[in-house]
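When reading the values below, keep in mind they use all heavy atoms of this one structure, side chains included, and skip hydrogens, waters and symmetry mates.
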Amino acid sequence: MDSAAASADGGAFLEFVDYAISMLSSSGGNGDESPGAGPAPARPPWGWAVAQVLKSCCAYSSGVTAAILLSDLFQSWTEQRKSLTAKRKVELTNLLKTRNRRRRLPNTITIDSIHEKNFLSPKSVLEAVVIDVFVIPGTNIYMLTLGDMWSTSTIDLYLHRRYYNYIGQHGVLKKGREVMLTGCCLRTAMEGSGHARILPTEYMVMLLDEEEDEDAMLLAAQFCTYSFSSMMLDENRNNISYSFYARIEKIESLEPFGSTERKQIVLVDNDDAKIKFVLWGEQVLLANLFSVGSMLALDRPFIANYVHNNHEESQELCLEYGSATQVYLVPIAQQEEQVLLTPTQIRSQGSRLSCVPSDHMASQVTLPRDLHGSVDFSKYPFRVARQGRCWSYGVHVWFDLYLEFNKQICHVRLDHIDVNSLKVLLFHNLCGCVVSDQSGGLQCSFCKCACHSGGCTHGFQLHLTIADDSEKVFAWCIGQTAVEFLQISPDEYMELPEDERAMYLYTLQNESFTVAIANTNQRIEAYIEGEKSLPVWEITRAQKCE
């Protein structure tokens, strides 16, 4: 097609523009583009395409072919999408610079891993920041573009309509707002239809920061009027829309009501009054977003009578997650100097450690963290301190620990996973050690205290072979380190059919990692009860290389 023909035949020109747009849409842009790079349009705007075609026609005054026009259009569209993608990545980086680093929740997965596996379990947690809020053209459907601090890519979420009232000029849900969500399902990318997106979920909480003026004003104006005691004394309570602000004291599983799962979150307000926030059925997924010590702001909870384990309704009042309920969360501040010690780091000190605090908390001022929010142990000494830093005599006690084995930081590839050694075990939330089922119930194999199901978390233990250019090493790892290698949570792994588990593990071979590896030949066998033949080498930290 030359410029004279385009001028003479407007119909042919418009037909070519439509054809070019369809070709660019099906191409998906540059193959090097990161998946989920945000709401950069997968389909070029019609006006932009017309302008680019006319520009190319003018540039080739002696005539131009359809192939040349398509080539120019493709190059321009690729550069346009690259620019939009880079802009949004810069925006994400700038937003996250201002965020307080928190300890990652146990079921948290990254946006990069969603794109890599093309899979998202409803039990997974996404800790994210809103990069953009937009409406799908020609609809009234809102979308959020989400990013996280551990990923280079972003992903779009179809927003559930229960959150539409929080969007707008003065709404809480806007660019820069941190959110946590669970109960999500993935709409995978179909051929020629762009990237994967997250389908609507009812289980999203918006994070507030008491240090931010806007958030502090919201909390003061909306959540400081009522207390639990005043609600309980008010006979007209069913006609009032209450808002409460309280600390999470405990998260517990309840006996199922028939086949319906239940959980309760014990809340304590500023007057030290307590009430139970009960979740039913699928709502228990919300508990994945909460942590003990965090502050919960509950807007318009449903008020009901508490149902005991014997299924009898009592006169005790409780709160429930109703259709109009909105949840805000002020996460517990992770003190900059505190980190959780692994048992290997504690026991490696031998006789130098005269006493170990029961909560295994470590402290080091200005200790740097990696992209996963974990402390980088490779260069610095750190200290162990009892939580609250106070013993019974009121004396502040500190212990210096210098980790000799942290000099052994290696860049390796995953050579082999011993499938038969892979176990999903229960770990004690307090000390991180394995929980075993004794005749008297669940008991921690390390601190020997009785445990309940709400105080335990599923975790991995596995043996694997890692290698570099010189040799191979047979090692073992547990907990979060094992999750880093397997790139899947224990709950997600257990949901896979038996035959798919082996196939999934096979796909992980030859992945590259940076690891901290320690010789733990002198170890406390009680830590992994019943294990008498653990490999000499333990991998204490792992991070996937991009």
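Looking at residues two or more places apart in sequence or on another chain, you find no salt bridge (Lys or Arg N to Asp or Glu O under 4.0 Å) involving Glu255. Residues satisfying the salt bridge (Lys or Arg N to Asp or Glu O under 4.0 Å) test with Glu320, not counting sequence neighbours, are none. For Arg161, there are no salt bridge (Lys or Arg N to Asp or Glu O under 4.0 Å) partners at least two apart in sequence or on another chain. Partners of Val133 by side chain to side chain contact (heavy atoms under 4.5 Å, CB included), not counting sequence neighbours, listed by chain and number: Val130, Tyr142, Leu144, Ile167. In this structure Lys117 satisfies the side chain to side chain contact (heavy atoms under 4.5 Å, CB included) test together with Ser113, Phe119, Ile488, Glu492, Tyr504, sequence neighbours excluded.
For His115 (side chain) and Thr154 (main-chain N/O), a donor-acceptor pair under 3.5 Å exists by modelled atom type. Side-chain N or O atoms of Arg262 include none that pairs as donor or acceptor with a backbone N or O of Val278 at under 3.5 Å. At distances below 3.5 Å, at least one donor-acceptor pair connects side-chain atoms of Arg177 with backbone N or O atoms of Val172. The backbone N or O of Leu254 lies less than 3.5 Å from no partner atom in the side chain of Gln264, so there is not a single donor-acceptor pair. Between the side chain of Ser151 and the backbone N or O of Asp148 there is no donor-acceptor pair closer than 3.5 Å.
Note that CD1 of Ile114 is 10.5 Å distant from OG of Ser121, once rounded to the nearest 0.5 Å. Separation of atoms CE (Met180) and OG1 (Thr108) is listed at 7.0 Å; rounding is to 0.5 Å. Rounding to the nearest 0.5 Å gives a distance of 11.0 Å between CG of Leu173 and CG of Asn165. Note that CG of Leu505 and CD of Gln487 are 11.0 Å apart. Values are rounded to the nearest 0.5 Å. Here the straight-line distance linking atom CG of Leu298 with atom OH of Tyr328 works out to 11.0 Å at 0.5 Å rounding. Atoms CD1 and CG, from Ile131 and Leu146 in turn, are 8.0 Å apart once rounded to the nearest 0.5 Å.
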>> Let's go through Thr110 and Asp112 carefully: what are the C-alpha distance in whole Å and the side-chain angles of both, what is the deciding distance for side chain to side chain donor-acceptor pair (under 3.5 Å) to 0.1 Å, and is it a yes or a no?
In response: CA-CA 5 Å; Thr110 66; Asp112 280 351; 5.6 Å; no
>> Between Val473 and Thr465, is the side chain to side chain contact (heavy atoms under 4.5 Å, CB included) condition met? List the steps.
In response: CA-CA 6 Å; Val473 171; Thr465 303; over 6 Å; no
> Step by step, would you call Ile198 with Leu186 a side chain to side chain contact (heavy atoms under 4.5 Å, CB included)?
Replying inline: CA-CA 5 Å; Ile198 300 175; Leu186 193 66; 4.2 Å; yes
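With hydrogens and angles left out, the side-chain atoms of Ser489 and Asp491 include no donor and acceptor closer than 3.5 Å. Side chains of Ser124 and Asn107: no donor on one and acceptor on the other come within 3.5 Å.
The environment of CZ in Phe474 is crowded: more than 12 heavy-atom neighbours from other residues, nucleotides or ligands sit within 6.0 Å. By the neighbour-count criterion of 12 heavy atoms within 6.0 Å, atom OH of Tyr164 is densely surrounded, having more than that number from other residues, nucleotides or ligands. Within a 6.0 Å radius of CG in Asp469, no more than 12 heavy atoms belonging to other residues, nucleotides or ligands are found.
Classified by interplanar angle (parallel below 30°, tilted 30° to 60°, perpendicular above 60°), the ring pair Phe460/Tyr493 is perpendicular. Using bins of under 30°, 30° to 60° and over 60° for the plane-to-plane angle, the ring pair Tyr166/Tyr163 lands in the tilted bin.
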Pairs under 3.5 angstrom only: tabulate donor-acceptor contacts from the side chains of residues 281-292 to other protein residues two or more places apart or in another chain.
{"unit_1": "Glu282", "atom_1": "OE1", "unit_2": "Tyr203", "atom_2": "OH", "d": "3.2"}
{"unit_1": "Gln283", "atom_1": "OE1", "unit_2": "Trp280", "atom_2": "N", "d": "3.2"}
{"unit_1": "Gln283", "atom_1": "NE2", "unit_2": "Tyr321", "atom_2": "O", "d": "3.0"}
{"unit_1": "Asn288", "atom_1": "ND2", "unit_2": "Lys123", "atom_2": "O", "d": "3.4"}
{"unit_1": "Asn288", "atom_1": "ND2", "unit_2": "Leu285", "atom_2": "O", "d": "3.4"}
{"unit_1": "Ser291", "atom_1": "OG", "unit_2": "Ser294", "atom_2": "OG", "d": "2.9"}

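The shortest side-chain heavy-atom distance between Leu296 and Val205 does not fall under the 4.5 Å cut-off. In this structure, the side chains of Phe485 and Ile539 come closer than 4.5 Å at one or more pairs of heavy atoms.
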